[in-house]
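Below, chain A is the first sequence line, B the second, and so on; all start at residue 1.
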2 protein chains.
Amino acid sequence: MEPLTEKQQQILEFIVECLRENHPPSQREIAGHFKLAQNAVYQLVSYLKKKGYLVDAGGHRGLRLSEAYVEELAETEGMPLLGRVAAGEPILAEENVESYVTLEALFNRSKDTFLLKVSGDSMVDEGILDGDYVVVKSAARVGSGQIGVVLLDDEATVKRVVVQKHRIALKPANRKAGYKTRYIKRFDKDVRIVGKVIGCIRTDIR
Amino acid sequence: MEPLTEKQQQILEFIVECLRENHPPSQREIAGHFKLAQNAVYQLVSYLKKKGYLVDAGGHRGLRLSEAYVEELAETEGMPLLGRVAAGEPILAEENVESYVTLEALFNRSKDTFLLKVSGDSMVDEGILDGDYVVVKSAARVGSGQIGVVLLDDEATVKRVVVQKHRIALKPANRKAGYKTRYIKRFDKDVRIVGKVIGCIRTDIR
DNA sequence: TGACAACATGGTCAAACAACCATATTTTAG
DNA sequence: CTAAAATATGGTTGTTTGACCATGTTGTCA
């Protein structure tokens, strides 16, 4: 995008800040903030429109960011997702960046998705470690062989669920602890399948 | 919060929607959308203020959401994080929900944080699987023993980095493949430490 | 030196606007 | 049944606002 002068940049940043807080500023408000005449702002805003940073929705307080500029901002906001990393280039060089993603976008979440903090090592061999958060999608049943969250003896456990003829097998994944599969009757009152594990997040790796 | 009538709810939702798109609606715009007189809106908005959903910043298009309501919205927006799950309760019952977190908040990210898609199984024993995204914080050096991203032979690799006297050891974590540590000279031109792995995200668990 | 872009002031004006009044109908709760 | 709350209309008023005009200054570039 066409470069901005310092003043224009300042004004634009102020506008973005205001929009972030959901109140598009009036020209007079901007003028007040920078101790300018309303008209100085009118002009500067005109420049910003001409350069394609702002769009006018019409009406009072009608300033909007242009799509192009919103996109440019997104690159600062979302996390850059790196594809193949080329040697020599600075790591965050454009050719390395595949896209910019918000973490929200990684999981296309619906209303009934939630996080559950995992305690225990029973699923380590599946890459679900103690302290991880599993992303769970609420569901009354889980496909056989999938990893699910089961409410069992007042405790939510994450296990691989295998549906058999008359029972359900809850298979841990911990080589060291041995694979002590637990079997429960189907339709047991004290057991409830809570959901299906669709993701896993680990923070604070040291 | 005090419950809303259907009409009030409708109006509020419309306002929220407008605010999301960064243009607080004027009363007339709302009125137009619902085919009402400006004054009907004035009254309904008054109720919403009285009930604590809206706040008035004064001036034209001065409507804002109250903090209380923003908080309530956050519960719909962020993912609920479940603590100890009580049996009997519906899984998303209030007593189960510890807090509502946006995924953004899980990593307190700075500008130089990015995602890198992992290919390969060399870190499976650390719970970093093929296809996972690692959250990387840019850094020229990595503490000994930490997991880092190293640019090596035109390829970004995730390995445990152990700094020794005259060399750096890159230790994979894959029992099956054997732990074939790779040693590189310190200050080797062809090697660059790119950053430190601070998190790991797995999507699409089947 | 002269042209031009950027930046600035003060002033005017019509449209958009929130606030408020009087009033009427419908819905809800006791 | 009745009173209060909620929902609605139309009209008035004073303020806020964007747009625009005339004009002046400063810095840059040819």
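C/dA18 atom C1' lies 14 Å from atom CG of B/L54, rounded to whole Å. Look at CD on B/E29: it is 11 Å from P on C/dA16, rounded to the nearest Å. With rounding to whole Å, A/H23 atom NE2 is found 16 Å from D/dT17 atom C1'. In this structure, the CG atom of A/L36 is 18 Å from the P atom of D/dT25, given to the nearest Å. Atom CD1 of B/I30 is separated from atom P of C/dA19 by 11 Å (rounded to the nearest Å). For the pair A/E6 CD and C/dA8 C1', the interatomic distance rounds to 16 Å; values are reported in whole Å. In this structure, B/K50 places its NZ atom 13 Å from C1' of D/dT7, rounding to the nearest Å. For the pair A/D56 CG and D/dG18 P, the interatomic distance rounds to 9 Å; values are reported in whole Å.
Between B/R61 and C/dA18 there is no side-chain polar atom (N or O) within less than 4.0 angstrom of OP1 or OP2. Residue A/K7 places at least one side-chain N or O under 4.0 Å from the OP1 or OP2 atom of C/dA8. For A/Q43, no side-chain nitrogen or oxygen approaches OP1 or OP2 of D/dA19 to under 4.0 Å. Contact between the side-chain N/O atoms of B/T5 and the OP1/OP2 oxygens of D/dT7 is found at a separation under 4.0 Å. Considering only side-chain N and O atoms, B/Y47 lies nowhere under 4.0 angstrom from the phosphate OP1 or OP2 of D/dA5. A sub-4.0 Å separation between OP1 or OP2 of C/dC20 and a side-chain N or O of B/Y42 is present. For the pair B/Q8 and D/dT7, the criterion of a side-chain N or O lying under 4.0 Å from OP1 or OP2 is met.
Closest of all the heavy-atom pairs between B/V163 and B/V142 is CG2-O, 4.1 Å.
Taking the six-membered ring for Trp and thresholds of 30 and 60 degrees, A/F34 and A/F14 have ring planes more than 60 degrees apart, a perpendicular arrangement.
With respect to A/E29 and A/R61, a salt bridge is recorded, a charged nitrogen being found less than 4.0 Å from a carboxylate O.
With hydrogens and angles ignored, a donor-acceptor pair closer than 3.5 Å exists between the side chain of A/R28 and the base of D/dG18. Within 3.5 Å, no donor on the side chain of A/N39 pairs with an acceptor on the base of C/dC7, nor the reverse.
Judged by closest nucleotide on DNA chain C, A/Q38 is the one of B/Q27 and A/Q38 placed further toward the 5' end. Comparing B/E2 and B/K35 by the nucleotide of DNA chain D that holds the closest heavy atom to each, the one mapping nearer the 5' end is B/E2.
Of the residues listed (B/V136, B/D132, B/V134), the one engaging B/V158 in a side chain to side chain contact (heavy atoms under 4.5 Å, CB included) is B/V134, and it is the only one.
A heavy-atom distance below 4.5 Å is not found between the side chains of B/D121 and B/L129.
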